Protein chains: 2
Amino acid sequence: MRLQQLEYFVEVVRCKSMSQAAKNLFITQPALSVAIKDFEKTIGVQLIKRSNKGVVPTTLGKQIFNDSQEIINIYKGWPNASGSGDICGDVYIFAIPSICNSILFNESFFNLKKMYPKLNIFLDQVRPHELLSHIIKNYPSIGIGYYLPSERESLFSQAKMYGLKTELLFKDEFNILISNKNPLAQKDKLSLSDLKKLPLSYYSDTNDNISLPYQMYFDDSFRFRLNSKENIMELIVHNKAVALYPEKASRYEYCIRSNLVRPMSVENFRFPQVEFFILYPAKKTSSIGLMKVVDNIKENLSDF
Amino acid sequence: MRLQQLEYFVEVVRCKSMSQAAKNLFITQPALSVAIKDFEKTIGVQLIKRSNKGVVPTTLGKQIFNDSQEIINIYKGWPNASGSGDICGDVYIFAIPSICNSILFNESFFNLKKMYPKLNIFLDQVRPHELLSHIIKNYPSIGIGYYLPSERESLFSQAKMYGLKTELLFKDEFNILISNKNPLAQKDKLSLSDLKKLPLSYYSDTNDNISLPYQMYFDDSFRFRLNSKENIMELIVHNKAVALYPEKASRYEYCIRSNLVRPMSVENFRFPQVEFFILYPAKKTSSIGLMKVVDNIKENLSDF
DNA sequence: CGCCCTTACGTCCAGCGTAAATATA
DNA sequence: TATATTTACGCTGGACGTAAGGGCG
């Protein structure tokens, strides 16, 4: 017998309806029907009477309804029990640079910390090619990154091998970040020939597989290989270079919000489309704290 | 989270030892170790400190130990909860004639009824070839019968198809039941030629695949095909015929206990060896009452 | 080395979703 | 037919057993 079944039963009695309770519990109605039936089977007696109008508890059903509420009240007080109890523990998040601001800019992310003061949340910025290894080394932890559509299958299967679940958050498109000081920033769109006047900055790791292939389109008389987003942004703001960044994910960058730089696309030309994903332990035994953070991020970044 | 995990945790704290608790809980020590670890993971905090001397609860562990006991006390009062609460419901047992007395003769079988007065137990005597169909028609129910070793695989796989679990109870050997009035009963063993003087009685169903093949060894000038054990026993007691019966399973027959008839073997000759089995629903959601009866029978009839 | 607990891995069952069936007004 | 519940079935994950691994006296 699972504690969850008690919660299911309580919700069914409260709603006087299987279908309504199923909605509230975020499971399908047949699944709930079976769960309640199994619950009755282990208890050994009928707990609710079914009809096409809904359900009503039997005499004993009411008794067990009360007991169940009492039990739920006890364990909801436990740390990390699915109530809002005393959720605690350490949660590690590894995210690629472009998405970090989007996470941090979101007020509800900080509400997590207010809601669960004992929950320690650590956000580490890592380069895309390091993401998976960080997640695995620091299991259990959460990862946020992107993949090119062609990398999708290999990422999903690799993650699965390590007991990780991968979920798509949103699709994004790379664009050029350019300083508003640059006269070209006045245009609606850049042309391919404009690019030749612009030096491209990119990450110093040799696996920057987004920017590297496009180097040839830019002014290749300069070479800026830097190892932090801050360095790169600094360069862009001072109009010494441009960079390729995912558009949606970067929308909360300070330089963009304050109009120091702007994202621009190129006429008749598309930079890579990518899909942002979240990676987290597939096991249901993951700490509730971790799952709260996962749910929060998914809520904030889905359909971004 | 399962209610069982609370019981596991409570037992571990009580024993101050994983291995001892595992013994009391009838699971292996590694299984318990994992269960407790999962419990801690969902709660989010360490509940016990491990050492090579055993385990001790942490501060929070003690708190949750108390809460768990409280929760267990609540649901142990429910009908069929694994406490000795108010176990109720109907339990149907189908057993072949030869084993019925062994079940009924056992005092502990009747203690079941004393312990759980609301549990209705129905015992039906059925012929071996009808056993499976009765079990299926009356699902969930319990069956007790025997098979020839050659029938073993087919029975097990067929039962599995119907969601039934089959367990060996004990091995038995068929022997001749003969009236003590008969002078041959004075001998130590019968000879094959003695059999020719003895008419064989057997069940009137055409599927009596134990007795039928041996008909030729007996006095075949008589043919007694009867449809109840009482009729057959009556015949044997009055020395009008003999019959083939499994020896161990029949030991509680009144006629045998009171020395009216005795089982005899034949020199240099063996009647079929059979294996008695119990059949019951494989699902863990079976009513606790049914499982109590299954456990009782297994306890009484294993290594008979 | 022995005791106690953990990790690894394979097997089997339970939980849930999808789709289809059933019941009642 | 419309609404509510049940049944059927496939997939995935969890529970437990067996066997092997590690820490501490």
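First the proteins, then the strands, lettered A, B, ... as listed; each starts at 1. Keep in mind the model is a prediction, meaning the values are calculated, not measured.
Within residues 21-28 of chain A, no residue places a heavy atom under 4.0 Å from DNA chain D.
The listed nucleotides are D/dT7, D/dT5, C/dC4; the one nearest the side chain of A/V34 is D/dT7. Of the candidate nucleotides D/dT5, C/dG15, C/dT7, C/dG15 has the atom nearest to the side chain of A/D38. Listed candidates were C/dT6, D/dC16, D/dT6. Nearest to the side chain of B/R2 is D/dC16. Here D/dT18 is the nucleotide among C/dC5, D/dC16, D/dT18 with the atom lying nearest to any side-chain atom of B/P30. Closest to the side chain of A/Y8, out of C/dC16, C/dT6, D/dA4, is C/dC16. Distance from the side chain of B/A35 is smallest for D/dC16 among the nucleotides D/dT6, C/dC16, D/dC16.
Atom pair A/F9:CZ and C/dG15:C1' shows a separation of 19 Å (rounding to whole Å applied).
Using a 4.0 Å heavy-atom cutoff across all strands shown, B/Q4 reaches sugar-phosphate atoms only and no base atom. Across all strands shown, A/Q5 has no heavy atoms under 4.0 Å from either base or sugar-phosphate atoms.
Between B/K165 and C/dC13 there is no side-chain polar atom (N or O) within less than 4.0 angstrom of OP1 or OP2. Contact annotation: B/S51 does not reach the phosphate of D/dC24 (side-chain N/O to OP1 or OP2, under 4.0 Å). Contact between the side-chain N/O atoms of A/K37 and the OP1/OP2 oxygens of D/dT5 is not found at any separation under 4.0 Å. Contact annotation: A/R50 does not reach the phosphate of D/dA4 (side-chain N/O to OP1 or OP2, under 4.0 Å).
Using a 30° and 60° split on the angle between ring planes, A/Y92 and A/F122 fall in the parallel class, below 30°. Between B/F39 and A/W78, the two ring planes are perpendicular [angle over 60°; tilted spans 30° to 60°]. Using bins of under 30°, 30° to 60° and over 60° for the plane-to-plane angle, the ring pair B/H134/B/F94 lands in the tilted bin.
Proximity of the aromatic rings of B/Y146 and B/F277 is defined here by a centroid distance below 6.0 angstrom, and this criterion is not met.
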Sub-3.5 Å pairs of nitrogen or oxygen atoms, protein against nucleotides 21-25 of chain C:
none

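Side chain of B/T166 to main chain of B/L279: no donor-acceptor pair is present (N/O by atom type, distance under 3.5 Å, no hydrogens or angles). When atom types are taken as modelled, the side chain of B/K113 and the backbone of B/L119 share a donor-acceptor pair closer than 3.5 angstrom. Using a distance-only test at 3.5 Å, with no hydrogens or angles considered, no donor-acceptor pair links the side chain of A/N300 to the main chain of A/I103.
Sparse packing is recorded around CD of B/E299, with 12 or fewer heavy atoms of other residues, nucleotides or ligands lying under 6.0 Å away.
Legend: side-chain hydrogen bond (donor to acceptor under 3.5 Å, both in side chains) pairs involving residues 43-56 of chain A, not counting sequence neighbours, sorted by first then second residue: A/E40-A/R50.
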